[in-house]
Amino acid sequence: MNDQRSAAGAPAAVAAVERAAAVAVPEAVPALGDAAGPARPKGRGAALAPVALVVAGGLSVQFGSAVAVLLMPRAGALGVVTLRLAVAALVLLVVCRPKVRGHSRADWGTVLAFGLAMGGMNTLFYQAADRIPLGAAVTLEVLGPLALSVFASRRLINVVWAGLALGGVVLLSGGGLDRLDPVGAAYALGAGAMWATYIVFSARTGRRFPQADGLALAMVVAALLSLPLGIMESGSKLLVPSTVGLGAAVALLSSVLPYTLELMALRRLPAPTFAILMSLEPAIAATAGFLILDQALTTTDALAIALVIGASMGAVRSQARRARPRDRA
């Protein structure tokens, strides 16, 4: 994925999660200043900091996805998913050392749903990327978060920015999907639905579990679900040292770092704003495809990227203006 999400950077990212306050639920979509926990720093920089986390996570996950496409001939799409999620789960378990006692049934239900969404999102996306170009796969996948931004938003301006981003997404797809493998397109749309579910349950998990414990436990759930599929498709190929090494790189770039950054961002951004910022993913994917997979950008692609970035900048400005009155209160 961007699904779609450095070994040295992972502990630092998780440590930052440990210092964050309780995450807001998407239905209420308050910012951190409205939730219980330490008061956040004041000023424009504090409002833009979570935006930077989302962008950094997007860069990491899309370049990791490009590496994953290169790995698919060796391990297959399901094998890549298994390697990515298994390594990510191991890293997060070692770094976070999550507590498994003292949680309610509802807590475990939330983690299970989060893990199912994460595993489904990755499996469906890599099946899509194995059949259609990376940029097209992410373009279709991002429709899930865009739909979430419209349905969850209580402000008209978020609908406007979502509409502008959707225009860029449609333009990036070439104005139609008739040239794409229909099965691959269906997988990408399914991944988008799982991505929207991931956003919702990532926020709920962050509220129910301290530090990054919920993320680590959910990653284990996702890895266990993907393991039988990866073994059936790839078997002993998953044990080749070079394949394991590339799989570990994909895990760190596409799972550990971006998911941690997104969890941090969701603690400080309303869910609709976060979902709109996810519209940057097709633009990032197109850039990664150009740099790593030699997929050339056309003039139409560049215009689409400009529309998507413009919508994201509008969402950032709206979030900053919304934060300023609370900072002065």
Side-chain angles (χ1 to χ4, degrees), residues 1-18 57 60-61 64-65 67-68 71 75-101 103 107-126 191 194-195 197-199 201-202 204-206 208-234 237-241 243-264 266:
M1 180 199 91
N2 19 2
D3 292 308
Q4 333 29 351
R5 331 209 198 33
S6 59
V14 174
V17 174
E18 296 173 358
S60 181
V61 75
S65 295
V67 175
L71 181 58
L78 295 176
V80 171
V81 173
T82 296
L83 286 172
R84 168 181 169 173
L85 294 177
V87 173
L90 288 174
V91 171
L92 287 174
L93 285 176
V94 171
V95 173
C96 301
R97 297 191 296 276
K99 296 180 181 179
V100 296
R101 295 182 180 180
H103 300 298
D107 293 339
W108 286 113
T110 300
V111 160
L112 179 61
F114 187 24
L116 286 170
M118 194 183 304
M121 176 178 65
N122 282 277
T123 299
L124 292 170
F125 176 76
Y126 281 122
M194 289 293 100
W195 194 1
T197 305
Y198 158 81
I199 292 173
F201 282 99
S202 177
R204 294 182 181 180
T205 300
R208 288 181 174 272
F209 286 81
Q211 305 172 6
D213 287 12
L215 175 63
L217 294 171
M219 192 70 75
V220 172
V221 172
L224 290 176
L225 290 173
S226 71
L227 187 60
L229 300 176
I231 291 176
M232 284 190 295
E233 181 179 76
S234 304
K237 294 179 181 178
L238 298 178
L239 302 178
V240 176
T243 300
V244 173
L246 286 173
V250 172
L252 293 169
L253 286 172
S254 295
S255 293
V256 176
L257 184 57
Y259 290 161
T260 302
L261 292 176
E262 288 174 7
L263 186 65
M264 293 165 61
L266 275 166

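The analysis underlying the following values was restricted to heavy atoms, covering all of them including side chains, and did not include hydrogens, waters or symmetry mates.
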Parallel, tilted or perpendicular: which describes the rings of Phe209 and Trp108, with under 30° parallel and over 60° perpendicular? perpendicular
What do the steps show when you test Thr110 against Phe201 for side chain to side chain contact (heavy atoms under 4.5 Å, CB included), and what is the final call? CA-CA 7 Å; Thr110 300; Phe201 282 99; 4.2 Å; yes
Where is the tightest heavy-atom contact between Ala191 and Phe125, given as atom of each residue plus distance? CB-N, 3.7 Å
Could you go through Leu261 and Met264, starting from their C-alpha distance and side-chain angles, then the distance that decides it, and tell me whether this counts as side chain to side chain contact (heavy atoms under 4.5 Å, CB included)? CA-CA 5 Å; Leu261 292 176; Met264 293 165 61; 4.2 Å; yes
Go through the steps for Thr82 and Ile231 under the test side chain to side chain contact (heavy atoms under 4.5 Å, CB included), then give the verdict. CA-CA 8 Å; Thr82 296; Ile231 291 176; 5.7 Å; no
Nearest 0.5 Å, what's the CG-CE distance between Leu224 and Met219? 12.0 Å
Does Ser226 use its side chain to pair, donor to acceptor, with the backbone of Ala223 at less than 3.5 Å? yes
One should read off an interatomic distance between Ser234 OG and Leu239 CG, to the nearest 0.5 angstrom, of 10.5 Å
Would you mind telling me which of Thr243, Val250, Leu246 makes a side chain to side chain contact (heavy atoms under 4.5 Å, CB included) with Leu83? Thr243
Shortest non-hydrogen separation from Thr205 to Phe114 and the atoms involved: OG1-CD2, 3.3 Å
Quick one: pull up CH2 in Trp195 and CG in Leu124 and give me the separation to the nearest 0.5 Å. 13.5 Å
Work out which heavy atom in Met194 is nearest to a heavy atom in Leu116; give both atom names and the distance. SD-O, 4.5 Å
For Leu257 and Ser60, work out which heavy atoms get closest and say how close. CD2-OG, 3.7 Å
Could you grab the distance from atom CG of Leu92 to atom CG of Asp213, nearest 0.5 Å is fine? 10.5 Å
How far apart are the closest heavy atoms of Leu217 and Pro98, and which atoms are they? CD2-CG, 3.9 Å
Do you know the tightest heavy-atom contact between Ala88 and Ala251? N-CB, 3.8 Å
When you look at Leu85 and Asn122, which way does the side chain to side chain contact (heavy atoms under 4.5 Å, CB included) test go after all the steps? CA-CA 9 Å; Leu85 294 177; Asn122 282 277; 3.9 Å; yes
